[in-house]
Amino acid sequence: MNVRTRFAPSPTGFMHMGGVRTALYAYLLAKKYGGQFILRIEDTDQGRLVEGATEVIYQTLKECGLNWDEGPDIGGPCGPYIQSERKQLYLPYAQQLVKSGHAYYCFCTKEELDERRAAAEARGETFKYDKHCLHLSQEEVDRRLADHVPYVIRMNAPTEGETSYHDLVFGDISMPNDTLDDMVLIKADGMPTYNFANVIDDHLMGITHVMRGMEYLSSTPKYNLLYQAFGWEIPQYIHLPTVMRDAQHKLSKRDGDAYYSDFIDKGYLTEALINYLALVGWNPGDDREFFTLDELVDAFDVKGINRAPGIFDVEKLRWFNFEYIRKLPFETYLSKVTPWFDQVLDPARFDYRRLAELMQDRTEIFSEVPDKVRFLSQWPAFDSALFVNKKQKSTLESALVSLRLVEPILEGLSDWAEQPIHDAVMNAIAESGMKNATVLWPMRIALSGQLATPGGAFEIAYLLGREESLRRIRASIETLS
RNA sequence: GCCUCCAUUGUCUAGAGGCCUAGGACGCCGCCCUCUCAAGGCGGAAACAUGGGUUCGAAUCCCAUUGGGGGUGCCA
């Protein structure tokens with residue numbers, strides 16, 4: 001069987017991580033079976049359109065490697081792939097349903113409905129449209145239509161019995177029909193609702209597997225009624241558990257970390273994002289954790305999708321990102337980290353290559369790089385207490401002795417490179433009879449002004465250069481004297 | 001309120017009646033290595049929501065309770 005899936009976002013803003021995951025799974029399923037992954041833009045809500053949002057969708061999907069086989073920009077046999085461009089196509093289908101008695105014209109205004117809805121809520125009841133307009137005589141309907149009275153077309157849902165369906169993730173779901181509202185199919189502005197356009201387009205585009213968030217779980221029976229009214233084959237349903245921020249909240253824009261672009265801006269790698277996202281709500285059935293997109297295609301199986309909502313764990317994402325950064329070819333890492341170095345360092349003054357070598361194993365997310373290397377250009381003010389370290393047998397007194405030992409050595413060095421610095425200092429330490437750590441600890445502290453540094457005393461001395469290294473050591477000697 | 005879905009360590013999860021004194025990963029803690037922090041090596045704490053059933057036997061099946069999610073729009 002040919003598998004056709006689609007990602008059908010609304011262009012209402014940035015790409016939400018939950019959306020990226022939905023797109024990912026839809027892509028994986030299609031590719032797993034050699035089928036097609038289709039991109040369809042659902043812009044039926046005129047009021048919510050955001051300029052540029054469609055481009056963001058294209059851009060994000062491309063960056064993630066989720067290349068679509070058919071879509072608005074590249075076309076395909078079922079176009080157009082933007083619903084607003086298909087507008088005139090939906091009405092005839094709705095009219096067909098009116099003819100067959102599965103739908104009807106409704107002239108009730110939004111205002112009076114809102115009022116009745118509010119009243120029902122006040123009474124603690126669930127509002128349900130009372131099918132008032134279903135009982136209008138044919139003559140009355142024709143008259144109002146002829147008079148151009150604004151109308152919508154509603155589905156005529158059954159009121160008794162129950163409708164059930166099978167979901168590949170959640171199993172059998174059934175809903176009492178009396179909870180089904182007569183949903184609007186065609187809006188007063190002539191646009192179809194999501195509910196209607198989705199069914200029509202999925203059918204027309206030959207979608208075999210409908211993948212979407214589980215918020216659609218309870219409205220799916222209504223879609224099935226539509227398929228049945230048309231006599232169309234119902235697609236396979238794959239509803240996905242929600243991606244959560246914590247146990248009670250969805251990942252949301254307010255947290256500032258719901259959008260794909262938020263993470264990219266912070267310095268997360270797309271590959272790490274995709275790898276991690278795949279694992280929120282799905283597992284390969286074994287202990288593997290690292291997957292390229294192609295490997296995901298191989299491993300993907302609907303059976304591995306979970307039912308419970310999953311919390312998006314930034315800590316684990318950090319770890320994935322860290323692992324991916326470590327595995328980056330050095331040149332790639334260097335080019336990616338350079339702009340972050342540039343934020344706090346003067347490229348002319350520092351050996352970026354050497355610094356990058358030291359930093360690659362210490363970078364979890366790129367946005368944290370500036371704070372880790374800033375000390376190279378700005379010697380931080382620090383407490384002399386940092387010189388004291390029991391384990392390294394370093395005291396304020398020994399630190400002073402050590403720095404006085406090191407200072408002339410560095411000053412006299414003819415070749416300012418790591419190895420000569422290392423050899424000269426180690427020789428001096430050996431001659432002095434002091435413990436390595438007792439000298440190197442204060443040297444590193446004096447050079448960096450901080451406890452944790454990317455690299456040891458020799459590396460930092462090298463990066464800083466002779467002049468700056470001596471300046472910092474002399475200043476420290478003065479402070480300690 | 002009504003409808004509906006879900007429920008294993010802090011988090012992602014393995015587990016489809018005996019293989020479970022519940023496995024892996026992140027995080028956390030300790031030790032080793034070490035001029036720091038990491039990395040690396042070794043070890044540790046940490047879970048089957050509760051109560052009833054069914055069964056020789058339940059994390060696994062059923063029911064209830066509790067908790068949480070979703071729906072209840074001329075939004076998607």
Side-chain angles (χ1 to χ4, degrees), chain A residues 8-10 12 42-45 47-48 106 108-110 113-114 117 120-121 123-128 150-154 167 170-171 173-176 178-181 183-189 191-195 197-198 212-219 221 239 241-242 244 246-250 276 279-283 285-289 303-304 306-320 322 326 358-359 361-364 372 386 389 391-392 394 425 429 435-445 448 450-460:
Chain A
S10 288
T12 55
E42 308 219 332
D43 58 346
T44 54
D45 186 352
R48 292 213 309 163
C106 174
C108 297
T109 67
K110 192 172 190 312
L113 254 22
D114 285 345
R117 196 185 322 276
E121 263 171 44
R123 275 179 271 121
E125 293 168 12
T126 300
F127 175 77
K128 216 183 126 187
Y151 67 88
V152 302
I153 296 181
R154 284 182 183 275
D167 182 274
F170 288 89
I173 311 271
S174 52
M175 297 280 291
D178 64 3
T179 63
L180 267 28
D181 198 12
M183 64 181 181
V184 170
L185 268 22
I186 300 289
K187 304 188 244 189
D189 66 0
M191 275 287 190
T193 57
Y194 162 84
N195 303 307
N198 202 259
R212 49 159 62 139
M214 61 173 282
E215 61 266 27
Y216 297 100
L217 219 44
S218 53
S219 44
H239 286 97
T242 315
M244 309 287 284
D246 57 45
Q248 30 274 106
H249 305 279
K250 284 202 255 191
Y276 174 64
L279 263 11
V280 180
W282 171 81
N283 78 82
D286 53 39
D287 287 340
R288 281 181 298 165
E289 297 216 271
K303 286 192 187 71
N306 265 301
R307 282 171 289 276
I311 296 174
F312 189 91
D313 182 3
V314 181
E315 284 303 320
K316 185 127 190 188
L317 206 212
R318 282 176 72 91
W319 176 76
F320 267 109
F322 175 59
R326 294 180 66 189
L358 294 167
M359 283 299 293
D361 277 356
R362 297 165 217 257
T363 307
E364 289 186 301
K372 290 183 176 175
L386 293 194
N389 185 303
K391 199 173 162 213
Q392 319 301 343
S394 179
V425 173
I429 292 175
K435 211 179 154 224
N436 290 349
T438 306
V439 176
L440 296 175
W441 173 272
M443 177 176 167
R444 193 179 58 81
I445 294 296
S448 68
Q450 58 192 36
L451 286 173
T453 52
F458 305 126
E459 289 86 354
I460 294 169

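All chains are named by letter (A, B, ...) in the order of the sequence lines, taking the proteins before the strands, and each is independently numbered beginning at 1.
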By the 4.0 Å heavy-atom rule, please label [X] as base, sugar-phosphate, or nothing.
{"X": "A:Thr453", "answer": "base"}
{"X": "A:Ile173", "answer": "sugar-phosphate"}
{"X": "A:Lys303", "answer": "nothing"}
{"X": "A:Arg117", "answer": "sugar-phosphate"}
{"X": "A:Thr44", "answer": "sugar-phosphate"}
{"X": "A:Ala247", "answer": "sugar-phosphate"}

> Out of B:C75, B:C74, B:G70, which has the shortest distance to the side chain of A:Lys250?
Replying inline: B:G70
> Partners of A:Glu364 by side chain to side chain contact (heavy atoms under 4.5 Å, CB included), sequence neighbours excluded?
Replying inline: A:Arg318, A:Phe322, A:Glu368
> Mind checking what makes side chain to side chain contact (heavy atoms under 4.5 Å, CB included) contact with A:Asp114, not counting sequence neighbours?
Replying inline: A:Lys110, A:Arg117
>> Tell me whether the side-chain N/O atoms of A:Thr179 come closer than 4.0 Å to OP1 or OP2 in B:U4.
In response: no
>> Base of B:U34, side chain of A:Lys391 - is there a donor-acceptor contact under 3.5 Å?
In response: yes
>> Protein within reach of the bases, or only the backbone? For nucleotides 38-44 of chain B, mark each nucleotide 5' to 3' as B, S or -, using heavy atoms under 4.0 Å.
In response: SSS----
> Any idea which heavy atoms bring A:Met214 and A:Pro241 closest together, and the distance?
Replying inline: SD-CA, 3.8 Å
> Watson-Crick or G-U wobble partner for B:C26, using a 3.5 Å limit on both distances?
Replying inline: B:G10
>> Please enumerate all residues that pass ring pair (Phe, Tyr, Trp, His ring centres under 6.0 Å) together with A:Phe312, with sequence neighbours excluded.
In response: A:Phe263, A:Tyr276
>> Checking A:Phe170 now: which residues fulfil ring pair (Phe, Tyr, Trp, His ring centres under 6.0 Å) with it, not counting sequence neighbours?
In response: none
Where do N or O atoms of nucleotides 8-13 of chain B meet protein N or O atoms at under 3.5 Å, pair by pair?
unit_1	atom_1	unit_2	atom_2	d
B:C12	OP1	A:Ile311	N	3.1
B:C12	O2'	A:Leu279	O	2.8
B:U13	OP1	A:Gly281	N	2.7
B:U13	O3'	A:Asn283	ND2	3.0

